[in-house]
**Q** 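Pasting a structure here, questions to come.
Just so you know, these numbers come straight off a predicted model, no measurement behind them.
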Amino acid sequence: GQNIDQPTEMTATEGAIVQINCTYQTSGFNGLFWYQQHAGEAPTFLSYNVLDGLEEKGRFSSFLSRSKGYSYLLLKELQMKDSASYLCAVRVTADRGSTLGRLYFGRGTQLTVWP
Amino acid sequence: DAMVIQNPRYQVTQFGKPVTLSCSQTLNHNVMYWYQQKSSQAPKLLFHYYDKDFNNEADTPDNFQSRRPNTSFCFLDIRSPGLGDAAMYLCATSRVGGSYGYTFGSGTRLTVV
């Protein structure tokens, strides 16, 4: 099975930087995704890493270390609208040569941004 | 806009009464997924279709079935809903490979009374 772990809750203030960590143990790893989910809404795609290193996308960056089974999502210049749940998800493929995967989610980190 | 549409947004059903949730997509993605998400929990993969090939997760109860009559539509059938099946049901689509994210519909919140 897949074991994906992330903190349950985090808080930060507007304008600050916050880092949300995710660790995973899985076989057939084929990429790590971060999603944002507001209460009662569908998850929306934020970032994707398949190779080690940092991917930057505006105020959001995501890092992956495959050898450590570790990723983080970095949010800069926090805004009130960033208050949401952030889901770490791992894509798993049964066949090494295949890119057809199943996406398994962590429980999500509920981020609250205070003024 | 190309998108994933789930109907209805809210569904109330009676204990034991069969219910069907629907999902349609205009993205022409070849893979469609159904997830169950209970309050404050991770979305849990129930099954997925790669084109017409159906793939069940090992721990998905037999009470849950799915149909994909064509590329655009996918249905989730719950044969005998129990109170424990109350949840948000999310449909997602993707293309095979690369960095393509999975596009989610807005979900159907199912209440069992």
**Q** Rounded to the nearest 0.5 Å, what's the gap from CZ on A/Phe45 to OG on B/Ser94? Could you check?
**A**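 Going from the CZ atom of A/Phe45 to the OG atom of B/Ser94 covers 11.5 Å.
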**Q** For B/Gln37, is it the side chain, the backbone, both, or neither that has a heavy atom closer than 4.5 Å to a heavy atom of chain A?
**A**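 It is the side chain, since no backbone atom gets that close.
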**Q** Closest approach of B/Gly105 and A/Ala42, non-hydrogen atoms and distance?
**A**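 Of all heavy-atom pairs spanning B/Gly105 and A/Ala42, the closest is O-CB, 2.6 Å.
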**Q** Side chain, backbone, both or neither: which part of A/Leu87 has a heavy atom under 4.5 Å from chain B?
**A**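 For A/Leu87, the contact with chain B is made by the side chain alone.
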**Q** Do you reckon B/Phe73 sits in the same ILVMFWY cluster as B/Phe64, going by side-chain contacts under 4.5 Å, direct or chained?
**A**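 Not linked; separate clusters.
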**Q** Got a second to check how far A/Tyr104's OH is from B/Leu45's CG, nearest 0.5 Å?
**A**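 The OH atom of A/Tyr104 sits 5.5 Å away from the CG atom of B/Leu45.
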**Q** May I ask whether A/Tyr48 and A/Val90 are part of the same hydrophobic cluster, defined by side-chain heavy atoms of I, L, V, M, F, W, Y residues being less than 4.5 angstrom apart, directly or through others?
**A**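 Yes, one cluster joins them.
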**Q** Tell me who clusters with B/Val113, hydrophobic residues only, linked when side chains sit under 4.5 Å apart either directly or through other members.
**A**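 Cluster partners of B/Val113: B/Val12.
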**Q** Atom CG of residue position B/Asn70 - does it have more than 12 heavy atoms of other residues, nucleotides or ligands inside 6.0 Å?
**A**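 Atom CG in B/Asn70 is packed in, count exceeds 12.
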**Q** Determine the minimum heavy-atom distance between A/Tyr35 and B/Tyr102, stating which atoms define it.
**A**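 It is OH-N, 2.8 Å.
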**Q** Name all residues meeting the side-chain contact (heavy atoms from CB on, under 4.5 Å) criterion together with B/Gln25; count only those two or more places apart in sequence or in a different chain, and write none if there are none.
**A**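 For B/Gln25, the residues satisfying side-chain contact (heavy atoms from CB on, under 4.5 Å) (neighbours in sequence not counted) are B/Val4, B/Leu27, B/His29, B/Met32, B/Arg68, B/Thr71, B/Thr93.
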**Q** Find out if a path of hydrophobic residues (ILVMFWY) with successive side-chain heavy-atom gaps under 4.5 Å connects A/Leu32 to A/Leu46.
**A**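 Yes, A/Leu32 connects to A/Leu46 through the hydrophobic network.
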**Q** Return yes when atom CD of A/Gln79 has more than 12 non-hydrogen atoms of other residues, nucleotides or ligands closer than 6.0 Å, and no otherwise.
**A**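 More than 12 heavy atoms, drawn from other residues, nucleotides or ligands, come within 6.0 Å of this atom.
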**Q** Chain B heavy atoms under 4.5 Å from A/Gln110: which part of the residue, side chain, backbone, both or neither?
**A**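 Neither part.
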**Q** Does any heavy atom of chain A fall under 4.5 Å from the side chain of B/Ser39, the backbone, both, or neither of them?
**A**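 The answer is neither part of B/Ser39.
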**Q** State, to 0.1 Å, how close A/Arg102 and B/Asn55 come at their nearest heavy-atom pair, and which atoms those are.
**A**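 For A/Arg102 versus B/Asn55, the nearest heavy atoms are NH2-CB, 3.9 Å.
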**Q** Taking all heavy atoms of B/Pro43 and all of A/Gly106, pick out the closest pair and write down the distance.
**A**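 In this case the closest contact between B/Pro43 and A/Gly106 is CD-O, 4.4 Å.
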